[in-house]
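Computed over heavy atoms, backbone and side chain alike; hydrogens, waters and symmetry mates excluded. Remember, predicted model here, so these are calculated numbers, not experimental data.
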Amino acid sequence: MRSFKKILVANRGEIAIRLFRAATELGLTTVGIYSYEDRHSIHRYKADEAWMLGEEGQPLRAYLDIEAILALATRRGVDAIHPGYGFLSENPTFARRCAEEGIVFVGPPADVIDSLGDKLAARRIAIAAGVPVIPGTDEPVADADEAMAWAEEHGYPVMLKALFGGGGRGMRRAFNKTELREAFGAAEREAATAFGKGDLFLERLVHQPRHIEVQMLGD
C-alpha cells in the first residue's frame with residue numbers, strides 16, 4: 001500500500017476523533033471537515049487543521065459532497081482520505097474519484113464496494129456461493145404499498161433496510177402493516193440523509209424476540 005503523510009477524515013463526531021488520535025500516533029498530519037452546524041463540535045478541534053464545507057442549513061451535506069471534499073483535499077495537499085463509517089464509506093463513486101485524483105482511499109477497492117456495499121448484490125453473491133440467507137426482496141421496494149404486499153405474502157415481522165450504507169441507519173422493524181407504512185417513510189428519509197440514497201429492501205425476521213425473565217437474588 002502506498003505510504004502517505006497527510007490524511008483527511010471525511011466524517012464527524014467520535015469516529016473522526018478516534019481516527020485523528022490514531023493518525024497522530026502514527027505521525028500523520030490530520031485534516032478535518034465540518035458543517036456550519038458542527039462549527040462548535042469537538043472533532044473540529046482535534047484535527048491539525050479543519051475546514052467548513054457547505055452552507056448553513058445543510059448539516060450533513062459537508063460529509064456527503066464528494067467533489068467539495070476532494071477539492072479541499074487537493075488544495076491542502078492531502079494524500080489519503082479515511083471515510084470513517086456511514087456517509088461515503090460504502091460509496092464506490094467516492095473510492096473511484098479518490099483514485100482518479102491520486103489520493104489513497106483508506107478502505108476497500110471500488111469494485112469490492114460495488115459488490116458488497118449494495119446489500120442486495122451482496123445477497124446474490126452469498127446465494128451464488130451456496131450461503132443460506134433469510135427471506136427477503138430481490139429488488140428494492142418502490143413504496144410502502146409494495147413493501148406491504150410483500151410482507152402480506154411472506155409474513156410479519158419484517159425489517160426495512162437501507163440498500164446502501166451501514167451503522168443501523170435506515171433500518172426499521174415492523175410487526176404489522178400499520179407499523180410498516182409508518183416506518184417506510186422514516187427509513188427512506190434517514191437513508192437518504194445518511195447515505196445520499198433512500199433505496200430500501202425488506203427481509204423477513206425469522207425469529208421472534210424472546211422475553212427473558214430475570215430472578216433477583218433473594219427472591
Side-chain angles (χ1 to χ4, degrees), residues 6-21 23 29-101 103-108 110 113-114 117-119 140-144 160-172 182-201:
K6 192 170 188 178
I7 185 169
L8 182 150
V9 175
N11 216 296
R12 65 188 295 275
E14 181 63 22
I15 183 59
I17 292 171
R18 293 187 181 198
L19 290 168
F20 293 145
R21 182 188 305 144
T29 301
T30 57
V31 179
I33 60 174
Y34 60 94
S35 62
Y36 175 84
E37 284 76 10
D38 278 345
R39 65 194 183 279
H40 301 306
S41 293
I42 295 176
H43 81 271
R44 170 187 175 181
Y45 302 101
K46 295 297 183 179
D48 293 315
E49 56 183 91
W51 304 88
M52 190 181 86
L53 295 180
E55 305 292 336
E56 182 178 357
Q58 301 175 336
L60 298 181
R61 184 172 175 79
Y63 312 103
L64 291 168
D65 192 331
I66 292 174
E67 296 308 318
I69 291 170
L70 289 173
L72 173 64
T74 301
R75 289 197 306 272
R76 302 308 304 168
V78 167
D79 44 19
I81 296 178
H82 197 307
Y85 60 77
F87 292 128
L88 295 173
S89 62
E90 297 182 42
N91 188 312
T93 300
F94 187 45
R96 288 194 182 91
R97 287 290 293 118
C98 286
E100 291 168 0
E101 297 296 327
I103 296 173
V104 173
F105 176 77
V106 184
I113 301 175
D114 268 328
D118 177 334
K119 296 184 183 68
V141 286
D143 51 36
L160 276 168
K161 288 186 176 182
L163 188 59
F164 303 97
R169 297 290 186 91
M171 292 179 63
R172 294 291 190 281
E182 293 174 353
F184 192 93
E188 189 175 45
R189 288 189 297 273
E190 186 176 53
T193 299
F195 312 122
K197 298 179 180 181
D199 300 314
L200 304 174
F201 71 105

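Put simply, the side chain of Leu8 does not reach to within 4.5 Å of the side chain of Ile103, judged on heavy atoms. By the 4.5 Å heavy-atom criterion applied to side chains, His43 and Asn11 are not counted as neighbours. With a 4.5 Å cut-off on side-chain heavy atoms, Ile33 and Leu72 count as touching.
Applying the side chain to side chain contact (heavy atoms under 4.5 Å, CB included) rule to Ala144 yields the partners Arg181, Phe184; only residues at least two apart in sequence or on another chain are considered. Residues passing the side chain to side chain contact (heavy atoms under 4.5 Å, CB included) test with Ile7, sequence neighbours excluded: Phe4, Ala23, Leu28, Thr30, Ala80, His82, Val106. In terms of the side chain to side chain donor-acceptor pair (under 3.5 Å) criterion, Asp143 has no residue partners (sequence neighbours excluded). Evaluation of the side chain to side chain contact (heavy atoms under 4.5 Å, CB included) rule for Arg96 yields Pro92, Ala110, Asp114 as partners, not counting sequence neighbours. Applying the salt bridge (charged side-chain N to carboxylate O under 4.0 Å, His left out) test to Arg39 and every residue at least two apart in sequence or in another chain returns nothing. Partners of Glu67 by salt bridge (charged side-chain N to carboxylate O under 4.0 Å, His left out), not counting sequence neighbours, listed by chain and number: Arg97. Residues satisfying the side chain to side chain donor-acceptor pair (under 3.5 Å) test with Glu182, not counting sequence neighbours, are none. Remark: Glu56 engages Tyr36, Glu37 in a side chain to side chain contact (heavy atoms under 4.5 Å, CB included) (not counting sequence neighbours). Scored by the ring pair (Phe, Tyr, Trp, His ring centres under 6.0 Å) test, Phe87 finds Tyr63 as partners (sequence neighbours excluded). For Asp118, there are no salt bridge (charged side-chain N to carboxylate O under 4.0 Å, His left out) partners two or more places apart in sequence or in a different chain.
Exactly one residue among Val31, Val9, Asp48 makes a side chain to side chain contact (heavy atoms under 4.5 Å, CB included) with Phe20. That residue is Val9.
Of all the heavy atoms in Cys98 and Ile81, the pair that sits closest is SG-CD1, 4.1 Å. The minimum heavy-atom distance between Pro83 and Phe94, with the atom names listed, is CB-CE2, 4.4 Å. Residues Ala47 and Gly32 share a closest heavy-atom pair of CB-N, 3.6 Å.
For residues 72-87, the salt bridge (charged side-chain N to carboxylate O under 4.0 Å, His left out) pairs, not counting sequence neighbours, are Glu49-Arg76.
With rounding to the nearest 0.5 angstrom, the NZ atom of Lys161 is 15.5 Å from the CG atom of Asp199. Put simply, CG on Leu200 and CE on Met171 are 11.0 Å apart, with the number rounded to the nearest 0.5 Å. Separation of atoms OG (Ser35) and CD (Gln58) is listed at 9.5 Å; rounding is to 0.5 Å. Note that CD of Glu90 and CZ of Phe164 are 10.0 Å apart. Values are rounded to the nearest 0.5 Å.
More than 12 heavy atoms of other residues, nucleotides or ligands lie within 6.0 Å of CD in Glu100, so this atom counts as buried by the packing criterion. More than 12 heavy atoms of other residues, nucleotides or ligands lie within 6.0 Å of NZ in Lys6, so this atom counts as buried by the packing criterion.
Lys46 places no side-chain N or O within donor-acceptor distance of the main-chain N or O of Arg21, the cut-off being under 3.5 Å.
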For residues 187-197, which side-chain N or O atoms pair as donor and acceptor with protein atoms under 3.5 Å away, sequence neighbours left out?
from, atom 1, to, atom 2, distance (Å)
Arg189, NH1, Gly185, O, 3.4
Glu190, OE1, Gly170, N, 2.7
Glu190, OE1, Arg172, NH1, 2.9
Thr193, OG1, Arg189, O, 2.9

